[in-house]
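For this chain, numbers begin at 1 and follow the sequence in order.
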Amino acid sequence: MLAIASGELIPGKRLPSTRALAKRLRLTVNTVSAAYHQLEMLGWVESIRGSGVYVRARQSESEPQADILDRLIVPFVRSARSGGFSAEALRDRVNYWLAMRPRRFVFVHPEPELRAIIVHELRSTMSWTIEDCGTHRPSV
């Protein structure tokens, strides 16, 4: 999302295959596939069967903000209501989380160079404390 929102990945750009990205990031193919599916559900990318996954036009250019929010909120509300939660309980919890301000943001990525670039960008735009770490476990 960050690469698309920042313009690093332009509309029409083909993303790496799930296998290639999984290998590069040392993740499972299922994890990458789920991430691509989530990006597609949020309108950031478009999957073309047999061809690949491509960056869509920026959401703000192609879709009203309310529609984007609705696609995020409606499944949550339906799930919560089917779980027996009242509208008042939902409002209370949403208001609670909207009022919360994180004290820090931790960015985790296995590639130190890319991590340093992203952390630098985050620090220049956010007022939170930004921390970073790799995915390697320290030896004991």
- Is the side chain of E46 donor-acceptor paired with the backbone N or O of V53 at a distance under 3.5 Å, no angle test? no

Side-chain donor-acceptor contacts of residues 20-35 below 3.5 Å, not counting sequence neighbours, with atom names and distances?
residue: T28; atom: OG1; partner: T31; partner atom: N; Å: 3.1
residue: T28; atom: OG1; partner: T31; partner atom: OG1; Å: 2.8

- Task: Kindly work out whether a path of hydrophobic side-chain contacts (I/L/V/M/F/W/Y, heavy atoms less than 4.5 Å apart) joins V94 to V77.
- Result: yes

- Message: Could you tell me if the side chain of L15 sits less than 4.5 Å from the side chain of V45, heavy atoms only?
- Response: yes

- Determine, using the 4.5 Å side-chain heavy-atom cutoff (strictly less than), whether I117 and V119 are members of one ILVMFWY cluster. no

- Task: Under 4.5 Å between side-chain heavy atoms, chaining through other members, with only Ile, Leu, Val, Met, Phe, Trp and Tyr counted: pull out the rest of the cluster around I48, sorted by chain and number.
- Result: Y54

- Message: Please tell me whether M41 and I73 are part of a single hydrophobic cluster in this structure, the criterion being side-chain heavy atoms less than 4.5 Å apart.
- Response: no

- For residues A87 and R81, report the shortest heavy-atom separation together with the two atoms involved. CB-NH1, 3.6 Å

- Query: Should we say atom CZ of F105 is surrounded by more than 12 heavy atoms from elsewhere, each under 6.0 Å from it?
  - Reply: yes

- Task: Please answer whether the main-chain N or O of F76 pairs with a side-chain N or O of S79 as donor and acceptor at a distance below 3.5 Å.
- Result: no

- Query: Take atom CZ in R19; do more than 12 heavy atoms of anything else shown fall under 6.0 Å from it?
  - Reply: no

- Once you round to the nearest 0.5 Å, how far does CZ of R56 lie from CG of L42? 10.5 Å

- Can you check whether P16 reaches Y36 side chain to side chain, under 4.5 Å on heavy atoms? yes

- Message: Applying side-chain hydrogen bond (donor to acceptor under 3.5 Å, both in side chains) as the test, list every pair that has at least one member in residues 109-119; sequence neighbours left out.
- Response: R115-D132

- Query: Do you reckon M1 sits in the same ILVMFWY cluster as L9, going by side-chain contacts under 4.5 Å, direct or chained?
  - Reply: yes

- In Å and rounded to the nearest 0.5 Å, what is the NE2 to CD distance from H37 to E40? 7.5 Å

- Given side chains that start at C-beta, do those of W97 and R93 come closer than 4.5 Å, heavy atoms only? yes

